[in-house]
Amino acid sequence: MSHLLLHTDADVLLVRSKESGPYRSIVIAWDGSKDLQSAIERTRVYAPAADIAVFLSVSLSRELAAGEDKLRRALTAAGLSPADFSVHVSADGLLTGLREALREENADLLVLPTRGSQGGDLGYVASEILSQRFCDTLCLHRRV
């Protein structure tokens, strides 16, 4: 699986459980290193009607407000109005914060706009995130 995730050019959907029906709630984990608009557009292909939340991890609690502002600006630039999304910014560490965002959103799909170990915080811990098996996980590779 690790080899596939590191070397494929296609999106990869890892399914944790066999639940029927479309995805209802999605969390996109974003670290600022990939194009958020492209990640949202690709996510909408897989789940056009789902609620989307975007998660960002910051290093220090004093960076929370700046992180939230950065995330809201990126989402607005992606053409979303404030009613279209929710944001989660955490200084509790990437895995802990991500786990909490998924729980709060009752998410059934996690989207990682990263390719293996390439770039940004998410790329470096992608294998750790995938091993946690929080929920179904979509790894976006094309145009991200």
Side-chain angles (χ1 to χ4, degrees), residues 1-2 4-16 19 21-144:
M1 181 175 79
S2 296
L4 174 68
L5 290 172
L6 289 171
H7 296 94
T8 186
D9 287 330
D11 297 342
V12 177
L13 176 62
L14 303 172
V15 179
R16 178 176 173 253
E19 293 185 19
Y23 294 111
R24 299 170 314 281
S25 179
I26 297 171
V27 171
I28 298 174
W30 186 64
D31 61 12
S33 69
K34 304 291 181 183
D35 178 34
L36 184 56
Q37 182 171 0
S38 177
I40 291 169
E41 289 170 1
R42 294 294 305 148
T43 299
R44 286 285 184 216
V45 168
Y46 292 92
D51 293 330
I52 293 180
V54 182
F55 169 79
L56 175 68
S57 179
V58 294
S59 301
L60 305 168
S61 13
R62 68 174 183 241
E63 298 171 342
L64 288 170
E68 188 170 327
D69 186 54
K70 175 183 178 178
L71 190 50
R72 290 192 184 281
R73 280 195 321 268
L75 286 163
T76 301
L80 295 173
S81 72
D84 292 335
F85 58 86
S86 58
V87 299
H88 293 269
V89 180
S90 173
D92 294 333
L94 198 140
L95 290 174
T96 301
L98 184 55
R99 183 180 295 111
E100 182 64 20
L102 290 165
R103 186 192 62 73
E104 284 181 20
E105 293 295 326
N106 195 25
D108 46 9
L109 181 65
L110 167 63
V111 176
L112 296 175
T114 185
R115 181 171 181 202
S117 61
Q118 292 182 358
D121 294 337
L122 287 172
Y124 296 118
V125 296
S127 61
E128 181 67 23
I129 292 170
L130 294 172
S131 72
Q132 295 288 319
R133 298 184 181 179
F134 296 121
C135 58
D136 289 4
T137 304
L138 174 62
C139 299
L140 297 177
H141 294 306
R142 286 191 229 145
R143 297 187 302 262
V144 175

Legend entry - Atom pair OH/CG of Tyr46 and Leu138 - distance to nearest 0.5 Å: 5.5 Å
Legend entry - Spatial distance of atom CD (Gln132) from atom OG1 (Thr137) [nearest 0.5 Å]: 10.5 Å
Inset, instruction - Provide the closest heavy-atom pair for Ala77 versus Gln37 in the form atom of the first, atom of the second, distance. - result: O-OE1, 3.8 Å
Legend entry - From Leu102 atom CG to Ile26 atom CD1, the distance as rounded to the nearest 0.5 Å: 11.5 Å
Legend entry - Asp31 side, atom CG; Phe55 side, atom CZ - distance, nearest 0.5 Å: 10.5 Å
Legend entry - Closest non-hydrogen atom pair, Gly32 against Lys70: CA-NZ, 4.3 Å
Inset, instruction - List the atom of Ser57, the atom of Gly93, and the distance in Å for their closest heavy-atom pair. - result: OG-C, 3.9 Å
Legend entry - Within-4.5 Å side-chain heavy-atom neighbours: Val87 and Leu56: no
Inset, instruction - Determine whether Pro113 and Ile28 make a side-chain contact, defined as any pair of heavy atoms from C-beta on separated by less than 4.5 Å. - result: yes
Inset, instruction - Hey, could you give me the CG/CZ distance between Leu36 and Phe85, rounded to the nearest 0.5 Å? - result: 9.5 Å
Inset, instruction - Rounded to the nearest 0.5 Å, what's the gap from CD1 on Ile40 to CG on Leu75? Could you check? - result: 5.0 Å
Inset, instruction - For Asp108 and Ser25, work out which heavy atoms get closest and say how close. - result: OD1-O, 2.7 Å
Inset, instruction - Could you list all the salt bridge (charged side-chain N to carboxylate O under 4.0 Å, His left out) pairs where at least one residue sits in residues 93-106, not counting sequence neighbours? - result: Glu100-Arg103
Inset, instruction - Report the residues that fulfil side chain to side chain donor-acceptor pair (under 3.5 Å) with Arg73, sequence neighbours left out, ordered by chain and then residue number. - result: Asp69
Inset, instruction - List in chain and number order the residues that pass side-chain contact (heavy atoms from CB on, under 4.5 Å) with Ala91, two or more places apart in sequence or in another chain; answer none if no residue qualifies. - result: Val58, Ser61, Leu64
Legend entry - Contact check, side chains of Ile129 and Leu110, non-hydrogen atoms, under 4.5 Å: yes
Legend entry - Listed once per pair and sorted, the salt bridge (charged side-chain N to carboxylate O under 4.0 Å, His left out) pairs that draw on residues 43-66, sequence neighbours left out: none
